[in-house]
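Each chain gets a letter, A, B and so on, in the order the sequences are listed, and its residues count up from 1. Values reported hereafter were calculated over all heavy atoms of this structure, with side chains retained and with hydrogens, waters and symmetry mates removed.
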Amino acid sequence: MEIDLTVQIGKLKLKNPILLASGTVGYGNEISQFIDLSKIGGIVTKSISLKPRKGNPPQRICETPSGMLNAIGLANVGLEAFIKEKIPFLKKLNTTIICNIAASSIEEYVECTKVLNEEESIAAFEINVSCPNVKEGGLEFGNNLDAVARITEKVKSVTNKTVIIKLSPNVSRISDFAKVVKENGGDAVSAINTLVGTSFNIWTRKPKIKNITGGLSGPAIKPIALAKVLEISRNVDIPIIGIGGIMNWKDAVEFMIVGASAVQLGTVNFINPFAALEILDGMKTYCEKMSISKISELTASYILDEH
Amino acid sequence: MEIDLTVQIGKLKLKNPILLASGTVGYGNEISQFIDLSKIGGIVTKSISLKPRKGNPPQRICETPSGMLNAIGLANVGLEAFIKEKIPFLKKLNTTIICNIAASSIEEYVECTKVLNEEESIAAFEINVSCPNVKEGGLEFGNNLDAVARITEKVKSVTNKTVIIKLSPNVSRISDFAKVVKENGGDAVSAINTLVGTSFNIWTRKPKIKNITGGLSGPAIKPIALAKVLEISRNVDIPIIGIGGIMNWKDAVEFMIVGASAVQLGTVNFINPFAALEILDGMKTYCEKMSISKISELTASYILDEH
Amino acid sequence: MVIEKARVISLSKISNNYYLIKVHSPLIAREIKPGQFCNIKVSDTDFPLLRRPFSICDVENDNLIFAFDIHGEGTKILASKKPDDILDILGPLGNGFNLEGSYELAIIIGGGIGIAPFPFLVKNLPNNVAVKCFIGGKTSEHLIKYNLKNIYTATDDGSEGFHGNVVDLFNNEIKNFLTKNFRIFACGPTQMLRSLQKIALEKNYDCQLSVECAMACGFGICQGCPIEKSNGDGYYLVCKDGPIFNADMIIV
Amino acid sequence: MVIEKARVISLSKISNNYYLIKVHSPLIAREIKPGQFCNIKVSDTDFPLLRRPFSICDVENDNLIFAFDIHGEGTKILASKKPDDILDILGPLGNGFNLEGSYELAIIIGGGIGIAPFPFLVKNLPNNVAVKCFIGGKTSEHLIKYNLKNIYTATDDGSEGFHGNVVDLFNNEIKNFLTKNFRIFACGPTQMLRSLQKIALEKNYDCQLSVECAMACGFGICQGCPIEKSNGDGYYLVCKDGPIFNADMIIV
Ligand SMILES: Cc1cc2nc3c(=O)[nH]c(=O)nc-3n(C[C@H](O)[C@H](O)[C@H](O)COP(=O)(O)OP(=O)(O)OC[C@H]3O[C@@H](n4cnc5c(N)ncnc54)[C@H](O)[C@@H]3O)c2cc1C
Ligand SMILES: Cc1cc2nc3c(=O)[nH]c(=O)nc-3n(C[C@H](O)[C@H](O)[C@H](O)COP(=O)(O)OP(=O)(O)OC[C@H]3O[C@@H](n4cnc5c(N)ncnc54)[C@H](O)[C@@H]3O)c2cc1C
Ligand SMILES: Cc1cc2nc3c(=O)[nH]c(=O)nc-3n(C[C@H](O)[C@H](O)[C@H](O)COP(=O)(O)O)c2cc1C
Ligand SMILES: Cc1cc2nc3c(=O)[nH]c(=O)nc-3n(C[C@H](O)[C@H](O)[C@H](O)COP(=O)(O)O)c2cc1C
Ligand code: FES
Ligand code: FES
């Protein structure tokens, strides 16, 4: 049985729903030694900022029960080097490239998008408004409805490519944020970024992560991520890219059922670099078993007997 | 070496910092078959509401990576039966009884507190403003600063006993909530309650939990809970009771280091009903090793080399 | 109710993916009654987090025997245990079967791994009580006859015995026993218990059902295991009020 | 760089809580160079979540040998492996020692489990290069001499060899080798590497350090393993640019 694996995110058509999450595969070169990236839906680049960032001092990561904390500090080569050094390689992979942008001001978001918009090889933008390091007067963009509204609107005004806003899970009602994204012309949202967490060494009484707090990722956050995606799906009509703790094809299917049009794999890449293709195969088999001919039919196929 | 294990929560002095969390030990009778509750700091009763609640239909719980989801629906015997049937038994345990109150309106909180205030055996109240089932016009009390402010102030006005407000973690800045609790006369806060999560059966496409979403607890949420406690500790001067994923004495120490004056054990009771005493012993040994003579010195003893 | 660190004595595969595990657990062995269960921590790490409930299948002196099939992670780990490994067992839990009262014949109905509680039940029946066992499974591979006698079998694929489900088989055979004063003890998939319950209520047979549901604690502190009362007034807790219920008490 | 499902051949306790594990891993065995490491999944469940990095200790034909001590959950699980268990191994990773260039003497300095990379290093040194091994540990129990020769030992408690730390021992003995053209290879606790680095920089010795840090991926995609460049311009990644660095490149 031939299964149509393609999915649509705004104007963007993906070969299949499997994307690699920002910051978990760098710019693709290392992971491409394990898997043929042309076989998956696409890759989201490490967050790019206008200027290079050397990132946080060690220790940047630590393991937690079924998860990990990270505070990389958006270490990245910066806009210029990205275009000069990374894009040429990314092109060769012939996979869909979604460029993730981080910034510390609305102007910087716009500036980056403007410049990168010229790059044909970039298919879409994912705007990271949810990185704990990105602050506006001490307040995270991602937790501020107006900021998210303005960023969406301003970024859209300088590109015709698909714009995906990556939402913060550290809010009471994430669907309110998805709503303003839609109202301001955003094409899609991705959810979730990491949850704020910490861990301390009880002998030194110091944080295990130099940055004190870090972002929690991995299987531990999957139930939370699923609830956030479901909340958006039930309240706002906008394509959702589901992220959070996906380790196997069952998890990926679960995200699509609760409302995701596509999914991103993060932490799992560190443990099993083959995961993307294994998950894709598993999803195909699942569709066959359930005689689903278009994988996109899975999206928001949840059955809730309410009242 | 004799270690002073007592800790102070507002007017309330506890034998030691180990409490059993609301909803995870019922009214004490089953767990007391395993451990002598007079040896621990106290027990927080299952949330009491004015009228009995039969709770949610099955399935109420499901396991997740290093955690579990629950949607019990505040099943409880109600105020009257609690006083008639449960308190007499609780008294016999000669342990500190903290009575947890849940309600669907501010009036109900006040009414319950008024009545229970007459019960000498009740040492303090923990006000559960953070249970996903308790809504005011669709909005959770726990995610609404004004609601939390009003509940704190009104409840305080009808009792002189220690009032602890149990905060919701499903907010952007939990310290803002701790602040209003303090401003409105609350004696302490407990953090955290469960995080909203869900899990779906990919073959039936139905939620594993009848209530669709449930509260996530267990080790998976520990890094998040620690970050919330630390955030409160760094921003508000109010006693904090730390809760979330404590499985062993190291976890309990970690919570005190990041700011907790006492801790509550929840999910671990289901797996190891002896946990409370084992954890207490472990903490004593730790204090000896670190030559800490008063366990309360641990509270907020974190070392952060910032700037 | 105690927690015992029990040494694994043996693990054996009985058929298909059914296993028997025998552990040395004197305290629980002394206490436990047919139809009760234990909540077992299958690993000494926090993974999997929760205990796993298993009915007592048989007791030999100081040893407990559990019968189980591989369902997910937890039972997979249990099936990998080796002699001298230590299991952390909480038990005995639950109410157990009610063996009191006057009945001459015990009719046992088990589907798949649902036969688990019956070897120990049969051992403990009053001497004057006869036994007939109705055992069902997908295929002959799925029929477990461990320590059971007077067996009538049913398989979905007809590979052994009656071609169909075990409740239909029972319903065909019951006419032969109507003269007798019998009591039904049943355990198995929810579907099976439902159809049996329906018959039992219509004909008002004396019938006890052993039910399953997700559990966290297993001893009444989490309230995670409700089952609806037939009288409409709320829920029983399967782990404390059950897992054995008279057919007329609950809505399966 | 490949992922190989490697069969455990043997696990042996060498002393105290130090272990050697030998696994059949032909692909990696063919490729791996001294000083490189592998990132190992110690369980086939999601617990523990991350892989664990271990230096290659020795290679015998198609077999890899790792030396490790029990540190936490992951190494505890590793120490419980039995022959024919399967380990999921990612490797070879990292840059490895630089053996090029002209030196007549290889001075090895290892603290505790820090000797792990050296048996394989010694095997691969140019024939004309002599070797002296400085090995330190808390007590004689903590000295690992596996496959090493010309050993000078130091123990914190004086229970064997020099009473003090291994760097001081090295510092006392070095005068005897100054005539020779030597290269230092060191691995051990951060404290030890720091004090050694200080000496090496002052005297500007030819010195390579094998450093450790927390890692998630081990192959450059998570950026979780930074170490500060001595030239002030940002960080190296220990897993890709290291784990071996010349003493003058980094701030330990
Ligand atoms: C009172 C009682 C007695 C039981 N007796 C037996 C027995 O004798 N032999 C046997 O093989 N099985 C028995 N079961 C079912 C057994 O508990 C489950 O098969 C087992 O928990 C599955 O765990 P898992 O990790 O392999 O599966 P998973 O699906 O990975 O488990 C995930 C979670 O769901 C729960 N769960 C999954 N299936 C069931 C189920 N059918 N019932 C209850 N919880 C479930 C698990 O406990 C766990 O919390 C009994 C269940 C109950 C409630
Ligand atoms: C390049 C490299 C080579 C190594 N070679 C060896 C070796 O040959 N033999 C050996 O015994 N050990 C070696 N280590 C250290 C080894 O990786 C840790 O002891 C091990 O990861 C501890 O895991 P655990 O689960 O037992 O401890 P836990 O403390 O439970 O681990 C928790 C987390 O912290 C990380 N962690 C803890 N300690 C260390 C450490 N010292 N270095 C890096 N990560 C750590 C773990 O990887 C895990 O992610 C090496 C480390 C690195 C980076
Ligand atoms: C080490 C690490 C680095 C990350 N860096 C970024 C980043 O630069 N930009 C971004 O938007 N998200 C970043 N993330 C978040 C992931 O893209 C993803 O949203 C999150 O990890 C949850 O998915 P997971 O549980 O599958 O890992 C990072 C995550 C990790 C673990
Ligand atoms: C089954 C279950 C029932 C709970 N019921 C209540 C409740 O009635 N009232 C309340 O304030 N918290 C309730 N909680 C939350 C716990 O008190 C605790 O805040 C939470 O479980 C986090 O701690 P833990 O990770 O140690 O379990 C419940 C938790 C669980 C798992
Ligand atoms: S399983 Fe906890 S109350 Fe029944
Ligand atoms: S460990 Fe992931 S980049 Fe080094």
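Of the two parts of Ile224(B), the backbone and the side chain both hold a non-hydrogen atom closer than 4.5 Å to a non-hydrogen atom of chain A. For a residue to count as touching a neighbouring chain, one of its non-hydrogen atoms must lie under 4.5 Å from one of that chain's; by this rule Ser168(A) does not touch chain B. Using a 4.5 Å cut-off between heavy atoms, Leu226(B) contacts chain A through both its backbone and its side chain. Contact annotation for Lys228(B): neither backbone nor side-chain heavy atoms come within less than 4.5 Å of a heavy atom of chain A. Only the side chain of Leu298(B) comes within contact range of chain A, with at least one heavy atom under 4.5 Å from a heavy atom of that chain. Contacts between Val258(B) and chain A at a heavy-atom distance below 4.5 Å involve the side chain alone, from C-beta outward. Proximity to chain A (any heavy atom under 4.5 Å) is restricted, for Leu216(B), to the side chain, taken from C-beta onward.
Distance check, rounded to the nearest 0.5 Å: NZ of Lys294(B) to OG1 of Thr299(B) gives 9.5 Å. Atoms CD and CG, from Glu63(A) and Leu69(A) in turn, are 10.5 Å apart once rounded to the nearest 0.5 Å. From Leu167(A), atom CG reaches atom CG of Asn143(A) across 10.5 Å, with rounding to the nearest 0.5 Å. Taken from CD1 in Ile209(A) to CZ in Phe200(A), the straight-line distance is 10.5 Å, to the nearest 0.5 Å.
Taking Pro65(A), Ala227(A), Gly245(A), Pro223(A) one by one and counting their heavy-atom pairs under 4.5 Å with chain B, the maximum is reached by Pro223(A). Here Pro219(B) is the residue among Pro207(B), Ala225(B), Gly218(B), Pro219(B) with the most heavy-atom pairs under 4.5 Å with chain A. Across Ala220(B), Gly67(B), Ser172(B), the residue that shares the most heavy-atom pairs under 4.5 angstrom with chain A is Ser172(B). Each of Pro169(A), Ser199(A), Ser301(A) has some count of heavy-atom pairs under 4.5 Å with chain B, and the biggest count is that of Ser301(A). No other option in Lys206(A), Glu254(A), Lys222(A) has as many heavy-atom pairs under 4.5 Å with chain B as Glu254(A).
In the displayed structure, Asp237(B) atom CG is contacted under 6.0 Å by at most 12 heavy atoms of other residues, nucleotides or ligands.
What you find for Ile240(A) and Ser233(A) is that their closest heavy atoms are CD1-N, 3.6 Å. Minimum interatomic distance between Ile295(B) and Cys287(B) (heavy atoms only, all atoms of both residues): CG1-SG, 3.8 Å. Closest of all the heavy-atom pairs between Leu19(B) and Ala262(B) is CD1-CB, 4.3 Å.
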